[in-house]
Chemist: 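Quick one: structure below, then a few questions.
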Amino acid sequence: MKQNKTFPLYSSIASYGFLICCICFITWMTLALVSVSNSLDNNNTTSNQYTFDTPPENFNLFQLSNDNNETQHSIRSYFNTTLIPPGVILRPQGGIGNQLFEYACSYALAKERNWPLYIVLRKFHSRGFSATQRDFALDLFNIPLNNVIDESTTKIPNNFLEYVNDQNLLENRGNLKPHGFVQHSGYCQSEAYWRNWRDELIPMFQPHVDIDSLKTSNKKLESILKLIEGTESVAVHVRRGDFTTYNGFFVPTSYQRQAIRKIVKLLQLRGKTPVFFVFSDNIQYTKEKLRDFNEKYEFHYVSALNTTSIQDFYLMTQCKHIIIPNSTFGWWSAYLNKNPDKIVIASAFNPKFWKLWAGENREFYKKLHGTLYHPSSWHIYQRVIKKRSSWIGSHNHNDSSKVNPWNRKTLTHIWNFFPPAFNCPFMLERVGRLGHGGKWICGLELYEYSPSKVSNIIRESPEECTIYIFGGDDLTIEKELVRRADCQIFIFDRKSNKAYAHPRVEVIPEVKISDKNEKEENTLYNILKENDHGWLDIMVMDIQGRELKVLEQIAEDFDVLPFGQLQVEIHLPKQDKDDKGRHKIFQNFKKWFERMEAKGLRPFFSEANLFQGCINGKKESSNTPNVMEYSFINLRGKHLLVQGS
C-alpha cells in the first residue's frame with residue numbers, strides 16, 4: 001500500500017522561518033534604499049554621476065566665527081546620510097603641496113572610472129595661514145568643493161571601501177575592484193599618476209589671490225610684484241621647519257648657494273641679469289646664510305613682509321625662474337609657473353630619505369622619488385649638458401680646445417657630444433621621403449586640422465601659419481606639408497624655380513639667405529621684414545655648409561628666435577689631418593651649439609646624412625658622417641609647441 005510522504009515538524013518550521021527572514025531582509029533593504037534616495041533628493045545631490053553637486057543657495061561651506069579676535073573657518077558638509085557606492089574618497093593630509101598631489105591623483109582616478117569624488121573632512125577644521133599650519137588648503141584654489149562630506153554626519157560603509165597605496169595605484173591600477181569606494185592612502189608625488197588630466201587640473205590649481213587687495217594692503221608687496229614682473233626674477237625657496245628634524249628631508253642651504261651660482265651662469269649665457277626673491281618659513285635664518293650674496297646680486301626677502309603661505313605660493317609662480325628644495329610646496333610653485341622659458345633647479349632627495357621606508361616599499365620609493373618625482377622637462381636636458389661637460393673633461397682635462405672630434409681610441413665622434421636629448425611633446429614623424437631630403441617634424445598634427453586654433457594660440461596677432469624652406473631640391477617635403485598643414489609655404493635659395501605647384505606655395509629662388517658679411521639685405525631679419533612676416537611656425541634649412549654662420553647671424557639679430565622649430569642639415573668642415581685643426585673644429589662647433597642652446601633651441605631628433613657623409617665618394621667624407629640632420633624646438637618662442645605641451 002502506497003504511503004503519503006510527510007515532513008517532520010521541525011523541518012517545516014525551519015523552512016518557514018528562512019522564508020520569513022528573506023522577506024524581512026528584502027523589505028529592510030528596500031526601505032533603506034528609499035530612505036537614502038529621499039535623503040539625497042532632499043539635499044539636491046546626485047551621487048551616481050560624475051558631476052560636482054551644487055549645494056543649496058543658502059549653504060555656506062565655510063562658517064566664520066570671531067573668537068578671541070581671530071577669524072576661524074569652520075568647514076561643514078551638507079551630506080547627512082550613508083554614501084552609496086561607487087566613488088573615490090579623498091582625505092586630504094599634509095600641507096598645500098601634498099594636498100594638491102592628493103587631489104590630482106584622486107581626480108584622475110575618479111575621471112577614469114566616471115565616479116564621483118568625495119572630499120572627507122575628519123572634523124570641523126580651523127585654519128590659520130602661516131607656513132607652519134597644515135590644515136585643509138584646497139579652498140585656497142579654484143578647486144570645486146561641492147562634494148565635501150563630514151564623517152560626523154555622513155557614513156562611508158567600510159565593507160565597500162578599498163585602500164590603495166602609491167605603488168599599487170601606479171603599477172596595478174587596472175586591478176582595482178570595479179565597484180565600491182576607493183581611497184588612496186599615499187601622496188601620489190609624481191605627475192605620472194595624473195598626467196592625462198593635466199589640462200583639466202592646471203586651471204583648478206590657480207591660487208585665490210586678490211591682486212588688487214594684495215597691492216593696497218601692503219605697499220612693499222606691490223613693489224615686489226612689479227619687480228617680479230619687470231626683471232629676470234628668480235624665486236629661491238628655503239624649507240626649514242619640520243624638515244630639520246628628519247635627516248631624510250633636510251636640504252642644507254649650501255644647495256641654494258650652489259644653485260644661485262649655477263643659475264647666474266645660465267642666465268648670463270642669455271645676456272640676462274637675475275634678481276632674486278627669497279621665500280622661507282625661517283626667513284631670518286635664511287638671510288644670515290645668504291648674506292654674502294647681497295653684495296653681488298639684488299636680493300629681496302619676501303617672506304619677511306609677513307606674507308601668508310598662499311601669497312608666497314602665488315608670488316613664486318610669478319617669478320620667471322625658480323630654485324626649490326625637495327618640498328612639494330616648491331614643486332607646485334615651479335610646476336604651475338607659466339613662463340615657457342623658465343629654468344627650474346630642483347634638489348635631489350637625500351639618500352637617508354630611503355631609510356624612512358621599509359622592505360619592498362623602499363625600492364619603489366627610490367624609483368618614485370629618484371626618477372618620477374621631478375617632471376622630465378626640469379632635469380633630463382640639464383643632465384645631458386652635465387654629462388657632456390664631464391665627458392669633455394675625461395677626454396682632455398676640461399679643455400675643449402684639445403678634444404679630438406674623431407677619436408678612434410675612445411670610439412667617440414663629434415656628434416656623440418651633442419645628442420637630441422629633448423622630447424618632442426607631440427607626435428614626432430618624418431615628413432617627406434625616407435631618404436635624403438625628408439625632415440623630422442614635431443607636432444605637425446597641431447597645424448593639420450584647426451588652423452584657426454593655431455593662429456589664436458601661438459601668437460597674439462591673428463597671422464596665418466607660415467613655413468620657410470631655404471635650399472634643398474627635394475619636393476616631397478613641401479608636397480606633404482601642403483597636403484597636411486594649412487600653412488603658407490615660402491621657398492628660397494634654390495638653384496631653380498623647381499617646386500611643388502600649389503596656390504599656397506611661393507618660390508623666391510633668387511633670395512639666398514646669408515649673414516651680414518655676405519649680403520646684409522638677405523639676412524632672415526630683412527627677409528621677414530620684406531615679406532611682412534613676424535613669426536615662422538617651421539623653418540627648414542638645407543644650404544650646404546652656410547648654416548652655422550647664418551644661424552649665428554639670426555641669433556645676433558633676434559632676442560627671441562622667430563621660429564617655433566628648426567630642421568637644419570649641418571655640414572662640418574672636412575677633417576683636418578693636423579690635430580690642432582681637428583681640435584678647432586670641435587671647439588667651434590661646441591661654441592655654436594651652446595649659443596643655440598642659450599637662445600632656447602633644444603634638439604629633439606638627429607639623423608646622420610649617410611648619402612652626403614659616407615656614400616658620395618668624396619675622400620674627405622668617406623670615412624665618417626660629417627653631415628647631420630638636426631631638428632630643434634624653440635623653448636623661448638610664443639607658439640603652440642610650447643604653450644600646448
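Values below: all heavy atoms of this structure, side chains included; hydrogens, waters and symmetry mates excluded.
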Chemist: So which heavy atom on His321 is nearest to which on Asp341, and how close?
Modeler: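 Answer, listing the atom of His321 first, then Asp341: CE1-O, 3.6 Å.
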Chemist: Please evaluate residues Gln189 and Asn98 with respect to the criterion side-chain hydrogen bond (donor to acceptor under 3.5 Å, both in side chains), reporting the C-alpha separation (whole Å), side-chain torsions for both, the decisive distance (0.1 Å), and the verdict.
Modeler: CA-CA 8 Å; Gln189 292 175 346; Asn98 276 326; 2.7 Å; yes
Chemist: Got Cys442 and Ile633 here, is their nearest side-chain heavy-atom distance under 4.5 Å?
Modeler: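 Yes, their side chains come closer than 4.5 Å.
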Chemist: If you compare all heavy atoms of Val209 against all heavy atoms of Ile310, which two are closest, and at what distance to 0.1 Å?
Modeler: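 Distance-wise, the nearest heavy atoms are CG2-O, 4.0 Å.
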Chemist: Taking the side chain as C-beta and beyond, is there a heavy-atom pair between Val540 and Val568 under 4.5 Å?
Modeler: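 With C-beta onward as the side chain, the pair stays apart.
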Chemist: Give the intermediate values and the outcome of ring pair (Phe, Tyr, Trp, His ring centres under 6.0 Å) for residues Phe205 and Trp194.
Modeler: CA-CA 14 Å; Phe205 288 174; Trp194 39 265; 7.4 Å; no
Chemist: For a 4.5 angstrom cut-off between non-hydrogen side-chain atoms, does Val278 reach Ile283?
Modeler: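 Touching, per the 4.5 Å side-chain cut-off.
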Chemist: Partners of Ser303 by side-chain hydrogen bond (donor to acceptor under 3.5 Å, both in side chains), sequence neighbours excluded?
Modeler: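 Scan of Ser303 (side-chain hydrogen bond (donor to acceptor under 3.5 Å, both in side chains), adjacent residues dropped) gives Asp312.
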Chemist: Testing the basics here: between Asp537 and Cys465, what is the closest heavy-atom pair and its distance to 0.1 Å?
Modeler: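 That closest heavy-atom pairing would be OD2-CA, 3.2 Å.
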Chemist: Run the numbers on Glu288 and Arg291 for salt bridge (charged side-chain N to carboxylate O under 4.0 Å, His left out), then give the verdict.
Modeler: CA-CA 5 Å; Glu288 183 64 27; Arg291 181 175 54 182; 3.2 Å; yes
Chemist: Where do Leu536 and Ile467 land on the side-chain contact (heavy atoms from CB on, under 4.5 Å) test, with the steps shown first?
Modeler: CA-CA 6 Å; Leu536 306 176; Ile467 298 173; over 6 Å; no
Chemist: Is the centre of the Phe293 ring less than 6.0 Å from the centre of the Phe276 ring?
Modeler: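 Phe293 vs Phe276: aromatic centres not under 6.0 Å.
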Chemist: Do the two ring centres, one from Trp440 and one from Phe604, sit under 6.0 Å apart?
Modeler: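 Aromatic pair excluded; centres sit 6.0 Å or further apart.
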Chemist: Please name all residues satisfying side-chain hydrogen bond (donor to acceptor under 3.5 Å, both in side chains) with Ser190, sequence neighbours left out, ordered by chain then number.
Modeler: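 Here no residue qualifies.
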Chemist: If you count every heavy atom of other residues, nucleotides or ligands that lies below 6.0 Å from Asn306 atom CG, does the total exceed 12?
Modeler: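 No, the 6.0 Å shell around CG holds no more than 12 heavy atoms from other groups.
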Chemist: Using 30° and 60° as the class limits, which term best fits the ring planes of Phe329 and His237: parallel, tilted or perpendicular?
Modeler: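 Phe329 vs His237 ring planes: tilted.
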Chemist: Mind running salt bridge (charged side-chain N to carboxylate O under 4.0 Å, His left out) on Asp292 and Arg257 for me, showing each step along the way?
Modeler: CA-CA 10 Å; Asp292 55 314; Arg257 295 176 61 84; 2.8 Å; yes
Chemist: Quick one: side-chain hydrogen bond (donor to acceptor under 3.5 Å, both in side chains) pairs with a partner in residues 555-568, sequence neighbours left out?
Modeler: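 Sorted result for residues 555-568: Gln553-Asp557, Gln565-Gln567.
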Chemist: Would you say the side-chain atoms of Asn531 pair up with the backbone N or O of Ile527, donor to acceptor, closer than 3.5 Å?
Modeler: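 Flag set: sc Asn531 to bb Ile527 pair under 3.5 Å.
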Chemist: Hey, would you say the Phe279 and Phe277 ring centroids sit under 6.0 Å apart?
Modeler: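 They do not qualify: ring centres at least 6.0 Å apart.
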Chemist: Please report the closest heavy-atom contact between Trp535 and Gly564, naming both atoms and the distance.
Modeler: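 Between these two residues, the closest heavy atoms are CZ2-N, 3.3 Å.
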Chemist: Which residues pass the side-chain hydrogen bond (donor to acceptor under 3.5 Å, both in side chains) test with Glu298, not counting sequence neighbours?
Modeler: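 For Glu298, the residues satisfying side-chain hydrogen bond (donor to acceptor under 3.5 Å, both in side chains) (neighbours in sequence not counted) are His300.
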Chemist: Any side-chain heavy atom of Ser631 within less than 4.5 Å of one from Ile441?
Modeler: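 Side-chain contact under 4.5 Å: no.
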Chemist: Between Thr328 and Leu100, is a side-chain contact (heavy atoms from CB on, under 4.5 Å) present by the stated rule, with each step listed?
Modeler: CA-CA 9 Å; Thr328 57; Leu100 291 179; over 6 Å; no
Chemist: Think Arg240 forms a cation-pi with Tyr285, using NZ or CZ under 6.0 Å from the six-ring centre and within 45 degrees of its axis?
Modeler: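 Yes, Arg240 lies over the aromatic ring of Tyr285.
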Chemist: Answer yes or no: does atom CZ of Phe558 have more than 12 heavy-atom neighbours from other residues, nucleotides or ligands under 6.0 Å?
Modeler: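 Above 12, so yes.
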Chemist: Would you mind telling me which of Tyr314, Tyr103, Phe313, Trp332 makes a ring pair (Phe, Tyr, Trp, His ring centres under 6.0 Å) with Phe141?
Modeler: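 Looking at Tyr314, Tyr103, Phe313, Trp332, the match for Phe141 under the ring pair (Phe, Tyr, Trp, His ring centres under 6.0 Å) is Phe313.
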Chemist: Salt bridge or not between Glu229 and Lys226? Use side-chain N to carboxylate O under 4.0 Å.
Modeler: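 A salt bridge is absent here (no side-chain N lies under 4.0 Å from a carboxylate O).
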Chemist: To the nearest 0.5 Å, what is the distance between OH on Tyr187 and SG on Cys105?
Modeler: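 Between Tyr187 OH and Cys105 SG, I get 13.0 Å after rounding to 0.5 Å.
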Chemist: Is a side-chain donor or acceptor of Glu552 paired with a backbone partner of Trp592 at a separation under 3.5 angstrom?
Modeler: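 Looks like no, no N/O pair under 3.5 Å.
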Chemist: Check whether more than 12 heavy atoms from other residues, nucleotides or ligands sit under 6.0 Å from atom CD of Gln206, and answer yes or no.
Modeler: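 Check passes, neighbour count above 12.
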Chemist: So, the side chain of Lys320 versus the backbone of Thr231: is there a donor-acceptor pair under 3.5 Å, distance only?
Modeler: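 Side chain of Lys320 to backbone of Thr231: a pair is present.
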Chemist: Where the side chain of Arg239 meets the backbone of Gly330, is there a donor-acceptor pair that is under 3.5 Å apart?
Modeler: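 Not at all, since once roles are kept as given, no pair shorter than 3.5 Å links the two residues.
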Chemist: Ion pair present between Glu597 and Arg602, side-chain N to carboxylate O less than 4.0 angstrom?
Modeler: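 Salt bridge: no.
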Chemist: Between the side chains of Asn326 and Tyr373, does any donor sit under 3.5 Å from an acceptor?
Modeler: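 Asn326 vs Tyr373: no donor-acceptor pair found between side chains.
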Chemist: Give the minimum heavy-atom separation between Gly186 and Gln93, together with the two atoms involved.
Modeler: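 That closest heavy-atom pairing would be O-NE2, 3.8 Å.
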Chemist: Listing request: all ring pair (Phe, Tyr, Trp, His ring centres under 6.0 Å) pairs with a residue in residues 213-233, at least two apart in sequence or in separate chains.
Modeler: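 The answer is none; no pair qualifies.
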Chemist: Is there any disulfide bond (SG atoms under 2.5 Å apart) pair reaching into residues 295-344, and which pairs are they, with sequence neighbours excluded?
Modeler: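 Pairs touching residues 295-344 that pass the test: none.
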Chemist: Is any side-chain heavy atom of Val238 less than 4.5 Å from a side-chain heavy atom of Thr253?
Modeler: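 Side-chain contact under 4.5 Å: yes.
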Chemist: I want to know whether Phe417 and Phe586 have ring centres closer than 6.0 Å.
Modeler: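 Ring centres of Phe586 and Phe417 closer than 6.0 Å.
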Chemist: Any heavy-atom pair between the side chains of Leu524 and Val550 that's under 4.5 Å?
Modeler: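 No; the side chains remain at least 4.5 Å from each other.
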Chemist: Taking Glu200 for its side chain and Trp197 for its backbone only, find out whether a donor-acceptor pair lies under 3.5 Å.
Modeler: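 Pair absent, no side-chain N/O of Glu200 close to backbone of Trp197.
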Chemist: Taking all non-hydrogen atoms of both residues, which atom of Gln99 and which atom of Gly94 are closest, and how far apart?
Modeler: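 That closest heavy-atom pairing would be NE2-O, 3.0 Å.
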Chemist: Check whether Lys599 reaches the backbone of Val560 with its side chain - one donor and one acceptor, N or O, closer than 3.5 Å.
Modeler: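 No; judged by distance alone, with no hydrogens or angles, the pair does not exist.
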Chemist: Phe605 vs Phe422, test: side-chain contact (heavy atoms from CB on, under 4.5 Å). Steps then yes/no.
Modeler: CA-CA 8 Å; Phe605 201 89; Phe422 201 80; over 6 Å; no
Chemist: Quick one, Ile323 and Tyr255 - any side-chain contact, counting heavy atoms below 4.5 Å?
Modeler: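 Yes, close enough: below the 4.5 Å cut-off.
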Chemist: Check the pair Phe563 / Ile538 against side-chain contact (heavy atoms from CB on, under 4.5 Å), numbers first and verdict last.
Modeler: CA-CA 6 Å; Phe563 47 81; Ile538 299 171; over 6 Å; no
Chemist: Counting only N and O atoms by type, is there a donor-acceptor contact under 3.5 Å from the side chain of Asn634 to the main-chain atoms of Leu561?
Modeler: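 Judged by distance alone, yes, a pair lies under 3.5 Å.
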Chemist: Do the non-hydrogen side-chain atoms of Leu528 and Tyr468 ever get within less than 4.5 Å of each other?
Modeler: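 The answer is yes; the side chains approach within 4.5 Å.
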Chemist: Establish, yes or no, whether a centroid distance under 6.0 Å links the rings of Phe589 and Phe418.
Modeler: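 Aromatic pair counts; centres sit under 6.0 Å.
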Chemist: Are there over 12 heavy-atom neighbours, none belonging to Glu530, within less than 6.0 Å of that residue's CD?
Modeler: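 12 or below, so no.
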Chemist: Among Leu267, Ile343, Val275, Ile345, whose side chain to side chain contact (heavy atoms under 4.5 Å, CB included) with Val234 holds?
Modeler: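 Output: one option passes, namely Leu267.
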